[in-house]
Number of protein chains: 2
Amino acid sequence: METGWQRQGKLWSNLKELCEVLRIPHVAAHTDEELLFQHVQFKTGQRIHTIGQPFDTLYIVHSGFLKTVLIDEFGNEQVLSFPMKGDLFGVDGIHTKRYASEAVALSNCDLILLPFKKLTALGRVHVEFEHAMYSVMSRELVREQAMVSMLGALSAEARVARFLVSLSERYADMGYSSKLFNLRMTRHEIGSYLGLTLETVSRTLSAFNEIGLITVDQRSIGIKDPDALKTLRRLPPSSSRAKQVAAKKSKQAAEQKESPDSDWGQLASA
Amino acid sequence: METGWQRQGKLWSNLKELCEVLRIPHVAAHTDEELLFQHVQFKTGQRIHTIGQPFDTLYIVHSGFLKTVLIDEFGNEQVLSFPMKGDLFGVDGIHTKRYASEAVALSNCDLILLPFKKLTALGRVHVEFEHAMYSVMSRELVREQAMVSMLGALSAEARVARFLVSLSERYADMGYSSKLFNLRMTRHEIGSYLGLTLETVSRTLSAFNEIGLITVDQRSIGIKDPDALKTLRRLPPSSSRAKQVAAKKSKQAAEQKESPDSDWGQLASA
DNA sequence: CGTATCATTGAGGCGGCTCAATTTTTGTGG
DNA sequence: CCACAAAAATTGAGCCGCCTCAATGATACG
């Protein structure tokens, strides 16, 4: 991995490689024209773009880890996402022609530049590519929706649990171990992302560790019971109890045994 | 308003009208081909699409009010948005070819159908239209980001306050009064949207009413101090509210013109 | 006019935040 | 390589904001 890392700013990808990274069907490359996309490297801590900066290009993560953040009117950071290999970011700049968020490298990164002009031009030539770009943007929107849903309805423990699961699955996709990995972000950043304080994140990880769901040692995380993490939740707030009761009744009518709620629900006392 | 409502299913819009509704620059209509887009009417309570239903068309609100919701694995509703005139929805279906959310009419609605195939075909002919569609999708993404940020960082009072402000501005855009309007959704739906319980929403509205920021009577909302609502972060403790209300009253009595920069905003930023 | 839905309001509990102290890790320069 | 400082992480104590549970009032609809 990270081949050619040393050759700074000299890497290029063709369209086929671009599609591979984005996990979209290969564009029919009847193209004799050798379309190339430039790579750019960033070191840990460097900013890729800032809020308000004029927009003209999207970024695709070839390798490395980043965060995107919003800065509110009092200078507080709100983490929006942790882009990694295959993710697209910068989309929020299309609308106002200026980036609405800021992107920062959490590790050394290799990014593929995708000028917006080039994207639209490509879309007009390759129908599948146009569709793929819409699809990727739709995927981003669905992800944000899931995020909203999580922040609005889940307990702190459930949020941290799902965060770990999604990270684990993401690592698996990228060919790394899904059972043992290092966090690339601080507790503070995780907390911001999940709408929690860093102390709550730390405490929750410790609690999961005590129960045996995971192992924690600073940035190193070991996933011990992924199924329990996936299904962990708690009292459903801000939602209609009537529906839940109804659903529960029909469930109980169907299967009279087996309590539908996992017993992890009560671990708050720990 | 709602002209031609009676002629059910017989309304059509051309491309120019479509662009107007979407608030995007008019596409250069060198088009002799009279491209028409079908309208559809829905009555209060009807579902436009459901989760998992095969996706093939986007919807643009011509008139009326709706909600889009996610249903979690236990039947709990999570409100994602309240589409109204000029809004596009259904975008979340592009990625998986199935709608990821459910859309329900909160009032009688007139929607414009925008088949995805037609959209992409149009984008290939009219460059500006393609760009506009990307822009609209980007706008949606930015909106979701703002939502995440709000859920992650703001207090209940601030969320309700901003919700009211954004509604007010939205009504102003549509040509209605920004000072006095009716809520089209229940407290429960507002709560779900904001990640709060319906009781908290109700209590917060009552509190705003008490201190003179708004007037509330069931679904009817009067905006009295939009600036204070915009900058509000945290309400003063109830013990001290009485004095401030009194102070405010004497202020309003003294100077009947515009309320000066309110002091509600700068409390307890911590 | 009765019933179901929606809204208001109160009392009380607890989950997650705040404040604070300590330990561990990271980064930097002598 | 070690020393030192800064940042990150852990853990505890206390409290408050929001949720839960519950009862009543208001509104819409057949």
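In what follows, chains are A, B, ... by sequence order, proteins preceding strands, each numbered from 1. As a basis for the values below, the full set of heavy atoms in this structure was taken, side chains included, without hydrogen atoms, waters or symmetry mates.
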Per-pair distances, 0.1 Å, donor-acceptor, side chain in residues 211-218 of chain A, under 3.5 Å, sequence neighbours excluded:
from   : atom 1 : to     : atom 2 : distance (Å)
A:T215 : OG1    : A:G222 : N      : 3.3

Item to check | side-chain contact (heavy atoms from CB on, under 4.5 Å) against A:S177, all qualifying residues, sequence neighbours excluded | outcome: A:K179, A:L180
Checklist entry - Using a cut-off of less than 4.0 Å, is there contact between a side-chain N or O of B:T197 and OP1 or OP2 of D:dC18? => result no
Next on the checklist: Taking the axis from the first five pairs and the axis from the last five, what angle separates them in the helix from C:dC1-D:dG30 to C:dG30-D:dC1, rounded to 10 degrees?
Outcome noted: 60°
What nitrogen or oxygen pairs link the protein and nucleotides 7-11 of chain D at under 3.5 Å?
from   : atom 1 : to     : atom 2 : distance (Å)
D:dA9  : OP1    : A:R219 : NE     : 2.7
D:dA9  : OP2    : A:R187 : N      : 2.7
D:dT10 : OP1    : A:R187 : NH2    : 3.0
D:dT10 : OP2    : A:R187 : NE     : 2.7
D:dT10 : OP2    : A:R187 : NH2    : 3.2
D:dT10 : OP2    : A:S202 : OG     : 2.8
D:dT10 : O5'    : A:S202 : OG     : 3.4
D:dT11 : OP2    : A:S206 : OG     : 2.8

Checklist entry - For A:S178, what residues pass the side-chain contact (heavy atoms from CB on, under 4.5 Å) criterion, not counting sequence neighbours? => result A:S168, A:A172
Item to check | Residues forming a salt bridge (Lys or Arg N to Asp or Glu O under 4.0 Å) with B:E144, sequence neighbours excluded | outcome: none
Checklist entry - Any side-chain donor paired with an acceptor under 3.5 Å for B:S101 and B:D92? => result yes
Checklist entry - When the distance from CG of A:L194 to C1' of C:dG16 is rounded to whole Å, what number comes out? => result 13 Å
Next on the checklist: If I take atom CZ in residue A:R184 and atom C1' in nucleotide C:dT26, what distance separates them, rounded to the nearest angstrom?
Outcome noted: 16 Å
Checklist entry - When the distance from CZ of B:R159 to P of D:dG17 is rounded to whole Å, what number comes out? => result 14 Å
Checklist outcome for this item: The complete set of salt bridge (Lys or Arg N to Asp or Glu O under 4.0 Å) pairs with one or both residues in residues 180-209 of chain B, sequence neighbours excluded, reads B:K67-B:E189
Item to check | Rounded distance (Å) that lies between atom P of C:dC6 and atom CD of B:E77 | outcome: 11 Å
Item to check | Residues forming a side chain to side chain donor-acceptor pair (under 3.5 Å) with A:T200, sequence neighbours excluded | outcome: A:T197
Next on the checklist: Test of understanding: with side-chain contact (heavy atoms from CB on, under 4.5 Å), list the residues that count as partners of A:I71, not counting sequence neighbours.
Outcome noted: A:I51, A:V69, A:E77, A:E102
Could you go over nucleotides 4-6 of chain D and give all protein N or O partners under 3.5 Å, atom names and distances?
none

Checklist entry - Can you tell me how far C1' of C:dA7 sits from CD1 of B:I221, to the nearest Å? => result 12 Å
Checklist outcome for this item: So the salt bridge (Lys or Arg N to Asp or Glu O under 4.0 Å) pairs with at least one residue in residues 167-177 of chain B (sequence neighbours excluded) are B:D87-B:R170
Checklist entry - Contact class for A:G195 (heavy atom, under 4.0 Å): base, sugar-phosphate, or nothing? => result sugar-phosphate
Next on the checklist: Check the orientation of B:F65 and B:Y171. Use parallel for under 30°, tilted for 30 to 60°, and perpendicular for over 60°.
Outcome noted: tilted
Checklist outcome for this item: Across all chains, not counting sequence neighbours, the ring-ring contact (aromatic ring centres under 6.0 Å, His included) partners of B:Y59 are B:H49, B:F89
Next on the checklist: If I take atom CZ in residue A:R233 and atom P in nucleotide C:dG15, what distance separates them, rounded to the nearest angstrom?
Outcome noted: 17 Å
